[in-house]
**Student:** 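I'd like to ask you about the structure that follows.
One-based numbering along the sequence shown.
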Amino acid sequence: MTSSKFFFFLLILLSAVKLRAAGADSIYYPELNKAYGKSYWYHSKAFVVSPAKWELKQWLGFGVVSGAGILAYSQDEKIQEFFTDHQSATADNFSKYVFEPFGRFSPVLVGGLYLTGRLVKDKRLAGTSLTAAKSLAVAGLIGGVVKQLTHRHRPYQDDIPNHANWDGPFSDIHYNSFPSGHSTAAFSMATVFAMEYRSTIWVPALAYTLAAGTAVSRLYDNKHWASDVVIGSALGFVTGRFMWKQSQGNHKKVMVLPSAGTNSASLTFIIPIAEP
């Protein structure tokens, strides 16, 4: 199965299943308009300054991720050797036609899901896709900045792979291993859909399986070190979770208010929409 056929199949699968929860029609979801465009700035700024408001739980999570990154860094070369020594035709095909494209073409998939939502008049799918697009953009921008500040060598870029090759700012732009962009993109998108459709068991399972497979494929293909993948995946997950929660601030229930006149009675529908 080629990557294009796989994504076509995925779009059909997601559009064929009615991804709605009770009351979903009475919730406001993001739409492609001026307010949505402005939300990129508001939510990006909120994400960048959010550590200033972290509580103990968030700092503990940061410590766990940092510890996992340090542990992965200490084992980078051993993990790289393990994957290069364990190759197979089946794994090659999964990596080439399923997992690697999921990370590379995440924006295309999100766009396809948005158009599908519009075509089938599923506001939830269309709105969630817009949130996923924002998550992809913000996570990609942050990851890109870190890449250019660190300029880490990829495993295949040196005759003898050395995970400690960091050139720092203003170096060769081709050295951009840290963090893994594919892993960041895959988890930033998958997390938004997994959280929105968490009551539909197969959606989080599929989303996180594809994201995790994408991350592992970067190691299998010798494109990244394990620490690149760990930090990239964490960045994508945290960004996706944050953007989804921000979108919940605009999910307001429709209020149905009774009104009565001298000779008639009616119901008035009011949809309060919060500003970013």
Side-chain angles (χ1 to χ4, degrees), residues 1-3 6-7 10 65-66 68-110 132 135-158 160-167 172-191 194 206-240:
M1 179 184 289
T2 64
S3 58
F6 169 74
F7 281 114
L10 190 58
V65 171
S66 299
I70 293 172
L71 178 61
Y73 184 78
S74 70
Q75 301 299 313
D76 271 338
E77 295 182 354
K78 291 183 179 179
I79 295 173
Q80 187 261 346
E81 291 174 1
F82 172 84
F83 279 101
T84 54
D85 290 342
H86 293 78
Q87 305 281 310
S88 70
T90 300
D92 288 347
N93 288 329
F94 268 101
S95 178
K96 182 177 181 179
Y97 296 116
V98 179
F99 297 127
E100 197 275 342
F102 185 75
R104 180 181 296 276
F105 299 115
S106 291
V108 177
L109 180 57
V110 168
S135 177
L136 273 170
V138 174
L141 177 62
I142 294 173
V145 170
V146 175
K147 282 176 178 289
Q148 298 309 313
L149 289 175
T150 57
H151 287 293
R152 188 186 195 187
H153 292 219
R154 294 174 185 265
Y156 68 85
Q157 289 180 316
D158 298 315
I160 300 177
N162 182 1
H163 77 143
N165 275 349
W166 304 72
D167 290 349
D172 190 335
I173 61 174
H174 295 95
Y175 297 134
N176 57 0
S177 188
F178 182 84
S180 166
H182 280 62
S183 302
T184 300
F187 272 95
S188 65
M189 178 182 70
T191 301
L206 176 63
Y208 284 131
T209 296
L210 289 171
T214 299
V216 174
S217 75
R218 304 311 285 163
L219 302 176
Y220 181 85
D221 293 337
N222 202 34
K223 297 296 179 65
H224 282 284
W225 301 101
S227 50
D228 299 336
V229 166
V230 169
I231 299 303
S233 299
L235 173 60
F237 175 81
V238 171
T239 307

**Student:** Could you go step by step and tell me if K147 and I173 meet the side-chain contact (heavy atoms from CB on, under 4.5 Å) rule?
**Tutor:** CA-CA 9 Å; K147 282 176 178 289; I173 61 174; over 6 Å; no
**Student:** Between atom NE2 of H224 and atom CD of Q80, what is the distance when rounded to the nearest 0.5 Å?
**Tutor:**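 Here the rounded value is 13.0 Å.
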**Student:** Is any side-chain heavy atom of T191 closer than 4.5 Å to a side-chain heavy atom of T239?
**Tutor:**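 Not in contact.
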**Student:** Looking at T214 and H182, what are the two nearest heavy atoms and their distance?
**Tutor:**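 Shortest heavy-atom separation between T214 and H182 comes out as CG2-O, 3.8 Å.
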**Student:** Please check if atom CZ in F94 has more than 12 non-hydrogen atoms from other residues, nucleotides or ligands closer than 6.0 Å.
**Tutor:**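 Open: at most 12 neighbouring heavy atoms sit under 6.0 Å from CZ of F94.
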**Student:** Going by an N to O cut-off under 4.0 Å, is there a salt bridge joining D228 and R152?
**Tutor:**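 Salt bridge: yes.
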**Student:** Just verifying a value: how many Å separate S177 OG and K223 NZ, rounded to the nearest 0.5 Å?
**Tutor:**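 Going from the OG atom of S177 to the NZ atom of K223 covers 11.0 Å.
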**Student:** Does Q157 reach the main-chain N or O of H174 with its side chain, forming a donor-acceptor pair under 3.5 Å?
**Tutor:**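 Indeed, once roles are kept as given, a pair shorter than 3.5 Å links the two residues.
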**Student:** Is any side-chain heavy atom of P161 closer than 4.5 Å to one of Y156?
**Tutor:**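 Side-chain contact under 4.5 Å: no.
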**Student:** List the atom of W225, the atom of H153, and the distance in Å for their closest heavy-atom pair.
**Tutor:**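 Heavy-atom minimum between the residues: NE1-O, 3.0 Å.
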**Student:** Roughly how far, to the nearest 0.5 Å, is CG of L235 from OG of S188?
**Tutor:**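 Here the rounded value is 8.0 Å.
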**Student:** In Å and rounded to the nearest 0.5 Å, what is the CZ to OG distance from F99 to S183?
**Tutor:**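 If we round to the nearest 0.5 Å, F99:CZ and S183:OG are 12.0 Å apart.
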**Student:** Quick one: does any side-chain atom of S95 pair with a main-chain N or O of D92 as donor and acceptor, under 3.5 Å?
**Tutor:**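 Side chain of S95 to backbone of D92, a donor-acceptor pair under 3.5 Å: no, none is there.
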**Student:** Write down the atom of H86, the atom of F82, and the distance for their closest heavy-atom approach.
**Tutor:**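 For H86 versus F82, the nearest heavy atoms are ND1-O, 2.7 Å.
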**Student:** Given 3.5 Å as the limit, does a donor-acceptor pair link the side chain of D158 with the main chain of I160, or not?
**Tutor:**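 Not a single qualifying donor-acceptor pair exists.
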**Student:** If you look at every heavy atom in T184 and A139, which pair is closest and at what distance?
**Tutor:**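 Minimum heavy-atom separation between T184 and A139: CG2-CB, 3.6 Å.
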**Student:** Step by step, work out the side-chain hydrogen bond (donor to acceptor under 3.5 Å, both in side chains) result for D76 and S227.
**Tutor:** CA-CA 7 Å; D76 271 338; S227 50; 2.7 Å; yes
**Student:** Pair N176, R154 - check side-chain contact (heavy atoms from CB on, under 4.5 Å), show working.
**Tutor:** CA-CA 7 Å; N176 57 0; R154 294 174 185 265; 3.0 Å; yes
**Student:** What are the two closest non-hydrogen atoms of P179 and G143, and how far apart are they?
**Tutor:**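 So the minimum-distance heavy-atom pair works out to CD-O, 3.7 Å.
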**Student:** Taking the side chain as C-beta and beyond, is there a heavy-atom pair between F178 and I231 under 4.5 Å?
**Tutor:**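 Yes, close enough: below the 4.5 Å cut-off.
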**Student:** Go through the side-chain N and O atoms of D172 and H151 and say whether any donor and acceptor fall under 3.5 Å apart.
**Tutor:**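 No pair is found: no donor N or O on one side chain lies under 3.5 Å from an acceptor on the other.
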**Student:** What's the shortest heavy-atom distance between V146 and T150, and which atoms?
**Tutor:**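 Nearest pair, atom of V146 first, then T150: O-OG1, 2.8 Å.
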**Student:** So how far is it from L219 CG to I79 CD1, rounded to the nearest 0.5 Å?
**Tutor:**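 CD1 of I79 is found 7.0 Å from CG of L219.
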**Student:** Do Q87 and Y220 have side chains that approach each other closer than 4.5 Å (heavy atoms only, starting at C-beta)?
**Tutor:**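 With C-beta onward as the side chain, the pair touches.
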**Student:** Flag the pair M189 / F102 as yes when at least one side-chain heavy-atom distance between them is below 4.5 Å, and no otherwise.
**Tutor:**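 Yes, at least one pair of side-chain atoms sits under 4.5 Å.
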**Student:** For the pair V216 and V229, evaluate side-chain contact (heavy atoms from CB on, under 4.5 Å) and give the outcome as yes or no after the intermediate values.
**Tutor:** CA-CA 8 Å; V216 174; V229 166; over 6 Å; no
